[in-house]
Amino acid sequence: MEENLTTLVERSGIVGAGGAGFPTHVKLNAKADTVIINGAECEPLLRVDQQLMAQQAGRLLQALDLIVSQVGAEQGVVALKEHYHGAVEALKRELPNHPKLRIHPMGAFYPAGDEQVIVYEVTGRIVPEGGIPLNVGAIVTNVETALNVLEATEGRPVTEKYVTLTGAVHTPKTVKVPLGITVAEALALAGGPTAADYRVVNGGPMMGQLVSPESAITKTTKGLIVVPAGHPLLGSLERPLNVSTRQAATACMQCSLCSEVCPRGLLGHRIQPHKLMRLAAYGSMCDPAQTPMNAYLCCGCRLCEYACVMDLQPWKLNANLKSILGGQGIRNSLNNKPEQAAPFRAFKRYPVHKLIHQLGLAAYDVDAPMDGCAHSFTKVTLPLRQNAGAPAEPVVGVGDPVQKGDLIARIPEGKLGANLHASISGTVTAVDGGSITIQS
């Protein structure tokens, strides 16, 4: 079974269950000495992975054993925050049955779940600038993705998603729903928003994005956070780039606090956000060792904004620089491998609870217990692009009957992508350039 694992994963349409949705079959087609399950779930308010670890510890370790065998690793590690007590206890009970596996408890800091940060925390190895964990012999995957790998060996493709529904909703909870239902339909399972005028953040409050209630739940949806209009979080997410740039030019006092907490900078990468901010005011960084190329080393975690006493947004300027460079065909050429992390790094890690208060989300930092109910829906609209790479190509047409789990779109020949399967049984009612709709 292990020899065919990559094929099974590819057939099942598994991608990273958060973030960019990198196709998992590509990640597993490699050799590494360490496999890390990212159970840090470092974004505030999200509750999916910590509950899955507590409730499905045995299956998670079984999945990790499969991945360890597939890539020829010496060890598998579940890295999670030490205050996830239920998950820690459940995993410890199961570990005697898995001699190659261990857990690695971490503190409650942000962004513990950044894959380069978690590799350093677990192994002490520093991923090179612009690199990936595989460059230092590690493969990182998250909890839900690993469980999907196990399900692939049992003949079940990805058709559903675990999502935390929280913030300004009547009953915060974590649910398992079919891919392709709308954000509004998902929020209704939590009693709906408590505010008449609200916005929805898809993902965590730090790296998530504002979405329409009519947008679809996809393979990478991890949490939906409802915030009322006027909430300070929206002041950050909705601030126009030209305003951020003007504020950087007039208000940045070069205190360097943003650089002091930058997680990639603390790993020894050559990124100093405060120097990149000089471009807004001077058109230069006044340092021959720094160029606009250094913006490529920004991971977009947004922590710099919350370290800034002037409420500036270095991350947004970095994202714009990356967009400009990429649009001109200029790719990242920085690949230095630091010999050691920054001095006193351990004392500069940013506490999650402090961050929650700065975000104005303390009132919403509550449990979102797993809902054990099976939720059925009569219509889904499945985007063809739910992964990094190319969108899937439809293999069904209008009027075709499908059963839940049937292949409805495949990876384009010779391209990076992921298969897509029907999330409910019914009839295909629409196939357009970007999605497939199924009605039961």
Side-chain angles (χ1 to χ4, degrees), residues 15-22 38 40-46 109-120 127-133 140 142 201-211 220-223 225 233-241 243-245 247-248 252 257-277 279-280 290-308 311-327 330-332 334 348-350 352 355 358-359 387-388:
V15 303
F22 191 81
N38 183 349
E41 200 162 33
C42 67
E43 280 274 14
L45 308 190
L46 302 190
F109 65 92
Y110 177 84
D114 176 89
E115 67 175 12
Q116 295 194 16
V117 170
I118 209 166
V119 166
Y120 181 77
V127 177
E129 295 171 346
I132 60 175
V140 181
N142 75 18
V201 179
N202 182 352
M206 293 296 285
M207 298 185 73
Q209 297 182 339
L210 294 172
V211 295
T220 60
T221 305
K222 201 70 174 177
I225 302 173
L233 178 61
L234 299 176
S236 167
L237 295 177
E238 296 179 331
R239 190 184 308 173
L241 176 64
V243 173
S244 292
T245 303
Q247 291 173 340
C252 179
L257 286 175
C258 54
S259 297
E260 291 292 332
V261 302
C262 175
R264 296 293 175 88
L266 290 175
L267 290 176
H269 291 189
R270 291 170 294 177
I271 178 167
Q272 294 180 283
H274 75 285
K275 291 184 178 180
L276 285 159
M277 292 285 276
L279 283 173
Q290 298 277 323
T291 73
M293 183 75 71
N294 292 72
Y296 272 122
L297 303 182
C298 173
C299 65
C301 72
R302 292 183 55 213
L303 191 54
C304 50
E305 177 178 348
Y306 292 94
C308 180
D311 193 33
L312 304 180
Q313 297 182 304
W315 64 273
K316 193 169 285 187
L317 273 67
N318 289 341
N320 186 50
L321 280 172
K322 287 190 278 188
S323 177
I324 293 171
L325 292 171
I330 302 172
R331 305 303 177 197
N332 177 38
L334 302 177
K348 296 180 179 181
R349 296 180 302 191
Y350 214 84
V352 171
L355 185 60
Q358 286 183 280
L359 289 164
N387 52 267

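Count residues from 1 along the sequence. All values below come from the heavy atoms of this structure, side chains included, with hydrogens, waters and symmetry mates left out.
- Ile132 is linked by a side-chain contact (heavy atoms from CB on, under 4.5 Å) to Leu134, Asn135, counting only residues two or more places apart in sequence or in another chain.
- With values rounded to the nearest 0.5 angstrom, Asn318 atom CG is found 7.0 Å from Cys304 atom SG.
- Residues satisfying the side-chain contact (heavy atoms from CB on, under 4.5 Å) criterion with Leu241, sequence neighbours excluded, are Thr245, Lys316, Asn320.
- Minimum heavy-atom separation, Pro292 to Leu325: O-CD1, 3.7 Å.
- Rounded to the nearest 0.5 angstrom, Cys299 SG and Trp315 CH2 are separated by 12.0 Å.
- Using a 4.5 Å heavy-atom cutoff, the side chains of Cys298 and Ile271 are in contact.
- Glu43 contributes a side-chain N or O that, together with a main-chain N or O of Met207, makes up a donor-acceptor pair within less than 3.5 Å.
- Qualifying side-chain contact (heavy atoms from CB on, under 4.5 Å) partners for Gln209, counting only residues two or more places apart in sequence or in other chains: none.
- Summarising the geometry of Gly223 relative to Leu46, their closest heavy-atom pair is CA-CD2, 3.8 Å, with the distance given to 0.1 Å.
- With sequence neighbours excluded, the residues satisfying side chain to side chain donor-acceptor pair (under 3.5 Å) with Ser236 are Arg302, Glu305, Gln313.
- The distance from atom CG of Leu279 to atom SG of Cys252, rounded to the nearest 0.5 Å, is 11.0 Å.
- Legend: salt bridge (Lys or Arg N to Asp or Glu O under 4.0 Å) pairs involving residues 258-272, not counting sequence neighbours, sorted by first then second residue: Asp114-Arg264, Glu129-Arg270, Glu260-Lys348.
- Of the possible donor and acceptor atoms, one in the side chain of Tyr350 sits under 3.5 Å from a partner among the backbone N and O of Tyr306.
- Closest heavy-atom contact between Gln116 and Gly131: NE2-O, 3.2 Å.
- Note: Leu317 CG to Leu312 CG = 9.0 Å, rounded to the nearest 0.5 Å.
- A distance of 6.0 Å separates SG of Cys308 from CE of Met277, quoted to the nearest 0.5 Å.
- In terms of modelled atom types and a separation under 3.5 Å, the side chain of His269 and the main chain of Gly130 share no donor-acceptor contact.
- Scanning for side chain to side chain donor-acceptor pair (under 3.5 Å) contacts around Gln272 gives Lys275, Gln290, with sequence neighbours left out.
- For Asn38, the side chain to side chain donor-acceptor pair (under 3.5 Å) criterion is met by no residue, not counting sequence neighbours.
- Between Val117 and Leu267 the shortest heavy-atom distance is N-CD1, 4.2 Å.
- For Asp311, the side chain to side chain donor-acceptor pair (under 3.5 Å) criterion is met by Arg239, not counting sequence neighbours.
- Nearest heavy atom pair, residue Val119 against residue Pro133, reads CG2-CB, 3.8 Å.
- Annotation: side-chain contact (heavy atoms from CB on, under 4.5 Å) contacts of Met293 (sequence neighbours excluded): Thr291, Tyr296, Ile330, Asn332, Ser333, Leu334.
- Nearest heavy-atom pair, Pro205 versus Pro44, reported as atom, atom and distance to 0.1 Å: CD-O, 3.2 Å.
- In this structure, Pro111 and Met206 have side chains that are not in contact, with every pair of non-hydrogen atoms separated by 4.5 Å or more.
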